[in-house]
Amino acid sequence: MTLGWGAVAGLVAALPVGVLMATQHMVAGFPGWLTFVAYALVIGVVLGAVARGARQGLAMTASAGVLLGTLGWLVYSLTVEPLVHGQLPTWSAASAARTYPELVGDILHGGLTGFLLHFLAGAWALKERVRQWPEQRARIVVVGGGFAGVSAAQRFEKLVLRGAKLDVTLVSDSNFLLFTPMLAEVASGALEPAHISAPIRSAAAHTTFLYGRVDRIDPAVREVVLDSGESLRYDHLVLAVGSVPHTFGLPGIDEHSFPLKNLADAIELRNHVLLMLEAADRETDPRTRRELLTFVVAGAGFAGTETVAELFDLVHGVSHYYPGIAPDEPRFVLVHAGERILPELGPELAAYSMERLAARGIEHRLNMRVTEAAEDLVRLGNDELIPTRTFVWTAGNKPTPLIPDLATDTSLRAIGLEDVWAVGDCARIPDPLREGEFYPPTAQHALRQGKAVADNVALVVAGRSPLEFRFRTVGVLVALGHRTAAAEIRGRRFAGLVAWLLWRGIYLSKLPGVEKRLRVLFDWTLDLVFPRDIVVTSAAPRRSKVRAR
């Protein structure tokens, strides 16, 4: 329906702008007005498709209209119009100057279309929500504001607009959706923290949002209780609470390791690494210098591999600021319990990835586990001691312990719990295409599980049977630092610079909202030209071991 309101907004905006352009002899006669109306209709429909009306906010929708108007000028005035008159488009400065009045008109029309679309779509959505508000609605509570939870809320919104009798509330202990595939780049200072997160209130604008932490769930009385004491009754509960680090009870891991699960973790790790460099720059004791300049990462899946590569780039990218540190002093060690790193990739790409990391000087300890961590060292399974004050743990995750041992059937229903559903990292969801296997905890799976669970809940509310969730992995990508990556997409393998460009292009397109994409693109552009910032943005992190001996 947003497309229809986009068309209406484009046509309404065409009237005042068209009159203004007619006074400048840019729109003349019936053919001219017909062409301009058709152009305005296309701009409105496209804007309705890309801007999603009121959901993006007034500023974003109007800005998208301005950008679309500029693109319309480029396509029509500089390209299509010369072709219609039998000329080849030149896109020259002279052509741009000659059509400058059309550019002004197109920008005005695009901005006004965005302005009108925001209010028209918002008013219509509110009216529809009120009109379709039934006397008895199924109360849906979604717990978790990650990919799966927000995806479910967005799908519920569309279903409500289509007539589903649902009242949806989303509860999360953070008010933003975090784009976790780029978290390692925040830890290395390549990206600003706020640029990879989007407010849930704008991502799911027509869903009731509660900012709070769930204390417990009582399936017997169908109630979710927050730590504030507030309780929510539900008819159907969707759990999308994600996962937390799992240290397997190993001594010292909880106290002396850095996890990497959220923005606070990434910011703390970056500040800690910079503090290690600051301390090492003036340290004279050789043993202490080794501790300060050794960086150990446990777990060589996607998170661990990208983290060690990004930390390597950070340390060596800012080393010129620290004349007291020799280029060969920083040491990076990647510890993994498996026979090869990146088990999610095929053997060839995994071997390529390890070769690239080793060529840069990153050490590997394969078939090896961390058994203990202390303030200034890490112990491995063979009793090797690695002196370090920077130990990052990505070697294990477990579901958030809200409901233990949460398993689902193939339709995403929680086994043993009535009208409870589970998606994302917190659930073991069987893969019907691979007997005995479960879907991996990745963003692409969580997004699709969120949509599927919303559809299934709506089917059950309507008295129908839920559908089986089936999805084949599209591909996997991993960044290896220094403009290098590895990727496997639809069975095709890519490596090196091409894979790095694919990694950035695909993840950039997946970021929520035009604004975030532009901000991340700007960060990446600056990173190509300028060194990374070494400003420590907070007081000494609680895990930093910077002290005199």
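Starting from 1, each residue takes its place in the sequence as its number.
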With the threshold set at 4.0 Å, does a side-chain nitrogen-carboxylate oxygen contact exist between [X] and [Y]?
X      : Y      : result
Asp419 : Arg222 : yes
Glu348 : Arg493 : yes
Arg139 : Asp167 : no
Arg492 : Glu488 : no

Do you know the tightest heavy-atom contact between [X] and [Y]?
X      : Y      : value
Ala499 : Ala487 : CB-N, 4.0 Å
Phe302 : Val476 : CZ-CB, 3.7 Å
Ala309 : Leu357 : CB-CD2, 4.2 Å
Ala205 : Glu157 : N-OE2, 3.3 Å
Tyr234 : Pro219 : OH-CA, 3.5 Å

Determine whether a donor-acceptor pair (N or O, by modelled atom type, separation under 3.5 Å) exists between the side chain of [X] and the backbone of [Y].
X      : Y      : value
Ser231 : Val225 : no
Trp503 : Leu480 : no
Gln444 : Gly475 : yes
Ser257 : Val392 : no
Asn456 : Ser411 : yes

Quick one: does [X]'s side chain get under 4.5 Å of [Y]'s, heavy atoms only?
X      : Y      : result
Leu497 : Thr484 : no
Val520 : Leu508 : yes
Thr408 : Trp421 : no
Met368 : Asn382 : yes

[Y] and [X] side chains, donor-acceptor separation under 3.5 Å:
X      : Y      : value
His195 : Asp523 : yes
Ser197 : Lys516 : no
Thr247 : Asp254 : yes

>> Classify the ring geometry of Phe258 against His272: parallel below 30°, tilted from 30° to 60°, perpendicular beyond 60°.
In response: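 Ring orientation of Phe258 relative to His272: tilted.
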
> Between His445 and Phe471, how do the two ring planes meet: parallel, tilted or perpendicular, split at 30° and 60°?
Replying inline: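 Because their plane-to-plane angle is over 60°, the rings of His445 and Phe471 count as perpendicular.
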
> Does the pair Glu363 and Arg365 meet the rule for a salt bridge (Lys or Arg N to Asp or Glu O under 4.0 Å), with working shown?
Replying inline: CA-CA 7 Å; Glu363 302 175 29; Arg365 299 289 189 275; 3.2 Å; yes

>> Could you walk me through whether Thr410 and Glu468 satisfy the side chain to side chain donor-acceptor pair (under 3.5 Å) test, starting with their C-alpha distance in whole Å, then the side-chain angles of each, then the deciding distance to 0.1 Å, before giving a yes or no?
In response: CA-CA 5 Å; Thr410 56; Glu468 186 176 69; 3.3 Å; yes

> Checking Arg201 against Phe209: charged group under 6.0 Å from the ring centre and within 45 degrees of the axis?
Replying inline: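 So Arg201 doesn't make the cation-pi contact.
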
Quick check on the 6.0 Å ring-centre criterion: do [X] and [Y] meet it?
X      : Y      : answer
Phe179 : Phe147 : yes
Phe469 : Tyr439 : yes
Phe248 : His246 : yes

> Step by step, would you call Phe391 with His256 a ring-ring contact (aromatic ring centres under 6.0 Å, His included)?
Replying inline: CA-CA 7 Å; Phe391 173 43; His256 302 296; 9.4 Å; no

> Which pairs, with at least one residue in residues 181-193 and sequence neighbours excluded, count as a salt bridge (Lys or Arg N to Asp or Glu O under 4.0 Å)?
Replying inline: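 Residue pairs with at least one partner in residues 181-193: Glu185-Arg504.
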
